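Bear in mind that the values here come from a model prediction, so they are computed numbers and not experimental data.
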Amino acid sequence: MKRIHLSLLLIILAFTGSHAANFKFAFLTDIHITAGDSLPYNDLARSVAQINATEGVDFAIISGDITNIGDRRSMEVVKSLLDRLTVKYYIVPGNHETKWSESGVTDFARVFGSERFQFEHGGILFLGVNSGPIIRMADGHVAPQDIDWIEATLAQAGKEQPVIFVTHYPLQPGDVDNWYDVTDALRPYNIRLVMGGHYHKYMQLQYDGIPGILCRSNLRAKEAVGGYSLCEVTPDSIIVYEHQIGKSPVRRGAYAMTGKSFPESNTGYPRPDYSVNQAYPQVKEQWLVQSGYEIFSSPACWDKKVYVGDDSGTLTCYSLADGEKLWSFKSAMRIIGTPAADKNTVVFGSADMNIYGIDASNGQLRWKIATDAPVLGAVTIHDGIAYIGGSDHCFRAIDIKSGKEIWCYDRVEGYIETKPLVYNDLVIFGAWDKNLYALDKKTGAEQWRWHEGKPGKFYSAAAVWPVAANGKVFIADPERVLTAIDAQTGETVWRTAESMVRETVGLSEDNERIYSKTMNDSVVCYSAVSSEPQKIWASNVGFGYEHAPSMPVEKEGVVFGSTKNGLMFGLDARTGELLWKHKVGNSLISTLVPLSKNECLFTATGGEIGLLVIDYK
């Protein structure tokens with residue numbers, strides 16, 4: 001009888017998540033390969049060879065930043081090396097695959113099959129998700145649809161099965177803007193450990209009480225050899241070792257696989273602070289819609305309708321009056337760039353390699369232009385012509401009524417995400433290839449290219465939306481420099497790094513001032529008339545560290561601005577006086593669309609779309 005009871009107990013344990021045998025797995029992160037660069041290539045090749053030679057390794061997990069610039073060629077190089085593994089591997093992207101991605105982060109799934117993974121081994125459920133950010137420079141963000149997937153997957157697994165969760169970013173404030181959505185989704189279940197990378201070193205952390213570890217980069221850095229993490233799982237623990245190439249593993253952390261290792265409640269852990277809204281009661285959300293998908297672009301507005309593209313590839317039309325959904329049009333892949341609408345036509349590009357012209361009243365397809373690569377660029381419509389750039393090294397001018405391509409400039413060296421500027425007879429835009437381009441708006445003929453400063457694509461003036469006045473084009477680049485360029489010649493008029501601005505610029509309605517966000521707390525105003533950098537005012541808004549490419553926009557004497565953590569604000573355009581603040585969610589708010597000084601449309605990465613109303617009495 002006792003033997004029967006023992007056998008029954010073993011069966012029950014087998015089905016409640018207990019694992020009878022020890023096993024090992026390899027954990028690699030921050031590989032940072034660029035096709036043609038031998039050092040990171042050799043580091044990964046040696047790690048693969050050592051994993052294959054290590055007895056008892058059952059599988060490998062790779063937690064992102066596998067490339068340096070997110071290009072497909074480099075990803076294919078990584079895959080060719082990982083395919084040498086004699087064990088199965090599971091992979092998620094890192095910010096270098098999501099921020100810098102000419103494909104709009106569609107090539108990762110094409111190369112590796114998916115942006116997330118789910119599998120069970122030894123009674124343990126392993127889950128991994130993309131933690132962004134997608135294209136826009138901001139904190140990481142786990143998509144609403146991925147949160148839904150986590151919750152559904154864990155609900156199906158049940159509360160007894162142990163879970164190991166994998167992201168690239170650490171799940172904490174300052175790294176992932178909606179960390180709390182993830183930890184709250186994990187908390188009701190038997191989560192044992194969250195694993196990641198990003199910081200290139202071992203760090204033992206707590207994510208709202210849930211244990212976490214960041215692991216070393218695969219790169220050798222200043223050492224003679226690179227390495228990875230070797231994880232040993234037993235029935236009661238998981239031990240993480242550093243395994244440098246050719247050396248014995250060194251223990252870096254250990255975590256319990258049994259018992260309750262984290263608080264059941266999220267009480268006492270940090271959450272976004274919305275008290276600023278109480279301080280400015282004159283600001284109200286007239287309406288707010290949750291799309292359920294990430295939104296990477298600003299809304300467009302025409303004829304009392306609002307148009308928004310999202311991560312599902314859907315362009316949705318809402319009523320300006322109350323946010324009611326009027327219609328939607330589905331493209332095949334995510335929409336990155338801001339659409340534009342005029343003359344009853346909405347134009348937008350999609351990562352499905354098409355540019356669309358949609359009837360603005362009913363959502364019916366009017367025309368479609370196929371391209372050779374994803375189209376991530378925002379749209380500018382001027383005099384019935386849509387200007388838009390893609391990742392196929394082309395910039396196009398399209399008649400919005402007929403969909404006829406008027407001209408195509410095909411000598412762009414990188415991919416385009418910015419909103420082009422039409423100024424006098426020029427169309428001006430930057431690309432992720434170091435260059436700012438100026439083309440003849442009628443013929444597409446190149447008039448000049450501009451580049452100054454540090455070499456390398458990462459310093460391109462490619463995310464900023466240029467502005468121009470008084471014969472000068474103004475940009476701010478990732479080098480944290482504000483620049484004025486002669487619009488006719490492409491020569492630099494002045495550059496200043498005084499205010500540490502990054503990838504944001506706006507123009508006053510009277511063409512006399514330009515505005516930019518600094519990377520800490522403030523907005524600055526410079527003269528758009530002067531032949532040298534002349535600061536007019538600086539305003540401390542108190543938004544903290546900031547690097548989101550959301551442009552300041554002036555409307556009726558108010559400068560509207562937004563940040564990476566859900567904050568919107570208004571400043572007096574003449575003096576910089578802070579007029580109001582309002583916080584919606586905790587994710588990036590794209591460039592605002594003020595309709596007047598009293599009304600402003602907004603979209604957020606978290607999926608929010610809304611209309612703010614401001615009372616200045």
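Taking 4.0 Å as the cut-off between side-chain N and carboxylate O, R136 and E417 count as a salt-bridged pair. Taking a cutoff of 4.0 Å between a charged side-chain nitrogen and a carboxylate oxygen, R271 and D184 qualify as a salt bridge. Under a 4.0 Å N-O distance rule, the pair R216/E242 qualifies as a salt bridge. Between E115 and R334 there is a salt bridge, with a side-chain nitrogen of the basic residue lying less than 4.0 Å from a carboxylate oxygen of the acidic one. With respect to K457 and D71, no salt bridge is recorded, no charged nitrogen being found less than 4.0 Å from a carboxylate O. A salt bridge between D477 and R495 is present, with a side-chain N of the basic residue lying under 4.0 Å from a carboxylate O of the acidic one.
Judged by distance alone, the side chain of R192 and the main-chain N or O of T258 form a donor-acceptor pair under 3.5 Å. Using a distance-only test at 3.5 Å, with no hydrogens or angles considered, no donor-acceptor pair links the side chain of S460 to the main chain of A462. In this structure a side-chain-to-backbone donor-acceptor pair under 3.5 Å is missing from T603 to I609. A side-chain donor-acceptor contact under 3.5 Å links N190 to the backbone of E160. Remark: side-chain polar atoms of D43 are paired, donor with acceptor, to backbone N or O of R220 under 3.5 angstrom. Formation of a donor-acceptor pair under 3.5 Å by the T234 side chain with backbone atoms of S237 is found in this model.
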- Query: Stepwise, does the side-chain contact (heavy atoms from CB on, under 4.5 Å) test hold for S587 with E608?
  - Reply: CA-CA 9 Å; S587 64; E608 298 90 350; 4.2 Å; yes

- Candidate pair K454 and E479, rule salt bridge (charged side-chain N to carboxylate O under 4.0 Å, His left out), full reasoning: CA-CA 7 Å; K454 293 181 180 179; E479 198 176 348; 5.1 Å; no

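Between D65 and H168, the side chains place a donor N or O and an acceptor N or O closer than 3.5 Å (distance only, hydrogens not considered). In the model, Q50 has a side-chain atom that pairs as donor or acceptor with a side-chain atom of Y228 under 3.5 Å.
The only member of F165, F119, Y90 that meets side-chain contact (heavy atoms from CB on, under 4.5 Å) when paired with F126 is F119.
A cation-pi contact links K583 to Y274, judged by a cut-off of 6.0 Å to the six-membered ring centre and 45° from its axis.
Using a 30° and 60° split on the angle between ring planes, H198 and Y169 fall in the tilted class, from 30° to 60°.
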